[in-house]
Amino acid sequence: MAGSAMSADARRYWLLKSEPHVFSIDDLKAQGKTPWEGVRNYQARNSMRDAMKVGDLAIFYHSSSDPSGAAGLAQVCSAPYPDPSQFDPKSPYYDEGSPREAPRWILVDVAFVEKFAALVPLAALKADPALKEMLVVQKGQRLSVQPVSPPHFARVLELAGSRRAAEVARG
DNA sequence: GCCAACGTTGGC
DNA sequence: GCCAACGTTGGC
């Protein structure tokens, strides 16, 4: 009991990938919040289902873009619930094998927090010695929902010139 | 557009 | 349970 409370309740940090031509940080800003639908990878789902908490912060990452990179900040704003798109035959994310009574795909809602003054390109993340171990800079890393360590998260915010950098670094 | 890396599927 | 084939991701 004693000693476990702090780590269990500590805010966690994430990175969410999105192709900006599908859904960008500007789209999130315009909508205010959105269900993070379409995740069809079990490891990414497990993060949303088991580990994310309301209030967690996430780097909003633009993938398959020119350039790709960290575009802004989002915040988890709901408990996990079934991704409605898995049951929608018209959705590109439809999964006919997902049972209604035991939905396969779970998501959370995320809210807009901040758009970085300038996108931090992947090349800049790769060039930073402090981010050498960060998942997103690793070769072949395709996971679309990634955990980010607090120091890495704080460093990305610092590179982005975010006013929240100091706050995050404090924990 | 190419292709390396990765996850999933399905035959055996 | 192995592993080849396949589909997808995503940087370049």
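Since the structure is predicted, the reported quantities are computational estimates derived from the model, not experimental observations. Below, read A as the first sequence line, B as the second, and so on, with proteins coming before strands; counting in each chain starts at 1.
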What pairs with A:Lys115 under side chain to side chain donor-acceptor pair (under 3.5 Å), at least two apart in sequence or on another chain?
A:Asp26

Do A:Leu119 and A:Pro67 make a side-chain contact, defined as non-hydrogen atoms from C-beta onward lying under 4.5 Å apart?
yes

Between A:His62 (NE2) and C:dT9 (P), how many Å, whole number?
17 Å

With the side chain counted from C-beta on, respond yes when A:Leu15 and A:Leu135 share a heavy-atom pair under 4.5 Å apart, and no when they do not.
no

Which residues pass the ring-ring contact (aromatic ring centres under 6.0 Å, His included) test with A:Phe87, sequence neighbours left out?
none

Across all chains, not counting sequence neighbours, the side chain to side chain contact (heavy atoms under 4.5 Å, CB included) partners of A:Ala130 are A:Asp128, A:Arg155

Mind checking salt bridge (charged side-chain N to carboxylate O under 4.0 Å, His left out) for A:Asp88 and listing every partner two or more places apart, or none if nothing turns up?
none

To the nearest Å, how far apart are A:Leu15 CG and C:dG10 C1'?
13 Å

Sorted by chain and residue number, the side chain to side chain contact (heavy atoms under 4.5 Å, CB included) partners of A:Ser64 (sequence neighbours excluded) come out as A:Glu19

How would you list, by chain and number, every residue that makes a side chain to side chain donor-acceptor pair (under 3.5 Å) with A:His62, sequence neighbours excluded?
none

Side-chain heavy atoms of A:Gln75 within contact of A:Val110, under 4.5 Å:
no

Give the residues of residues 132-147 of chain A touching DNA chain C, defined as any heavy atom closer than 4.0 Å, sorted by residue number.
A:Arg142

Before giving the answer on side chain to side chain contact (heavy atoms under 4.5 Å, CB included), spell out for A:Leu73 and A:Leu157 the whole-Å C-alpha distance, their side-chain angles and the decisive distance to 0.1 Å.
CA-CA 9 Å; A:Leu73 266 188; A:Leu157 294 201; 4.0 Å; yes

Interatomic distance where CD belongs to A:Gln43 and C1' belongs to B:dT8 [whole Å]
14 Å

Could you tell me whether A:Ser68 contacts a base, only the sugar-phosphate backbone, or nothing, with contacts defined as non-hydrogen atoms closer than 4.0 Å?
sugar-phosphate

Near DNA chain C, counting only heavy atoms under 4.0 Å, which residues of residues 117-131 of chain A show up?
A:Leu122, A:Lys126

Tell me, please, which residues at least two apart from A:Arg40 pass side chain to side chain contact (heavy atoms under 4.5 Å, CB included).
A:Asp83, A:Ser85, A:Gln86, A:Tyr93, A:Trp105

Under 4.0 Å from any atom of DNA chain C, heavy atoms only: list the residues of residues 96-103 of chain A that qualify, in numerical order.
none

How close or far is atom C1' of B:dG1 from atom CG of A:Asp66, stated in whole angstroms?
14 Å

Please tell me if A:Tyr61 has a side-chain N or O lying less than 4.0 Å from either OP1 or OP2 of C:dG11.
yes

Among B:dT8, C:dG10, B:dG7, the one nearest any side-chain atom of A:Tyr42 is B:dT8

Given atom CG of A:Asp95 and atom C1' of C:dG7, what is their separation to the nearest angstrom?
15 Å

When the ring planes of A:Phe23 and A:Phe60 are compared, do they come out parallel, tilted or perpendicular, using 30° and 60° as the limits?
tilted

ring-ring contact (aromatic ring centres under 6.0 Å, His included) partners for A:Tyr61, two or more places apart:
none

To the nearest angstrom, the CG-C1' distance between A:Asn41 and B:dT9 comes to 15 Å

Quick check on A:Gln43: does its CD atom have over 12 non-hydrogen neighbours (other residues, nucleotides or ligands) under 6.0 Å away?
no

Round to the nearest Å and state the distance from A:Glu19 atom CD to C:dC12 atom P.
15 Å

Intra- and inter-strand pairs of DNA chain B in dot-bracket (Watson-Crick or G-U wobble, both distances under 3.5 Å; | for another strand)
||||||||||||

